[in-house]
Structure formats: C-alpha cells, structure tokens
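Notes follow once the structure below has been shown.
The structure displayed is predicted, hence computed values, not measured ones.
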Amino acid sequence: MDAKADHSAEAEGLRLVRAFLSLQPDKRAEVIAFVEELARAKRRPEEGADVSPG
C-alpha cells in the first residue's frame with residue numbers, strides 16, 4: 001500500500017470515529033451491538049463445515 005492510500009484509509013477511519021461519536025448514546029449502543037453480532041457471525045464456522053477440536 002502506498003502512502004497516499006494509507007492516508008486515505010486513515011482519514012476514512014477518522015471520519016467513521018467522528019460520526020460514531022456524534023451519535024446519541026442509544027444509537028451508539030445499537031452500532032456496538034451490530035458490530036458485535038457481525039464479529040460473532042464471522043467467528044462461527046460455516047454451515048456444514050468440519051469443526052476440528054481446538
């Protein structure tokens with residue numbers, strides 16, 4: 001990744017943080033719950049996939 005792309009990604013991240021912080025507390029809680037659900041779904045093995053004992 002070049003320096004310009006790094007700065008663009010950094011700027012986008014800062015815009016997202018600013019937008020999140022501008023939300024009312026109840027809306028922030030909704031966003032957090034949504035992201036947590038996405039993270040849980042990502043960790044789940046795909047349906048029908050073999051799960052090896054860890």
Side-chain angles (χ1 to χ4, degrees):
M1 204 178 245
D2 62 24
K4 186 175 182 179
D6 285 344
H7 289 296
S8 178
E10 184 177 305
E12 182 65 20
L14 291 173
R15 281 191 291 272
L16 288 171
V17 169
R18 188 176 301 136
F20 175 78
L21 293 175
S22 71
L23 293 172
Q24 294 182 5
D26 60 325
K27 295 296 182 183
R28 283 189 209 172
E30 287 181 35
V31 170
I32 291 169
F34 177 73
V35 171
E36 287 174 342
E37 181 57 33
L38 286 177
R40 278 192 294 276
K42 182 97 174 148
R43 285 194 304 258
R44 289 185 202 130
E46 302 223 4
E47 189 174 325
D50 290 333
V51 178
S52 60

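R15 CZ to E10 CD: the interatomic distance, rounded to the nearest 0.5 Å, is 11.0 Å.
Not a single salt bridge (charged side-chain N to carboxylate O under 4.0 Å, His left out) links R18 to another residue, sequence neighbours left out.
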**Request:** Kindly determine whether K27 and V31 satisfy side chain to side chain contact (heavy atoms under 4.5 Å, CB included), including the steps that lead there.
**Result:** CA-CA 6 Å; K27 295 296 182 183; V31 170; 5.6 Å; no
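Sequence neighbours left out, the pairs with a member in residues 29-43 that pass side chain to side chain donor-acceptor pair (under 3.5 Å) are E37-R40, E37-R44.
Cluster annotation: L16 is not connected to I32 through the hydrophobic network of ILVMFWY side chains, with a link wherever side-chain heavy atoms come within less than 4.5 Å. Residue L21 is not grouped with residue L14 when hydrophobic side chains (ILVMFWY) are merged at heavy-atom distances under 4.5 angstrom, including chains of intermediate members.
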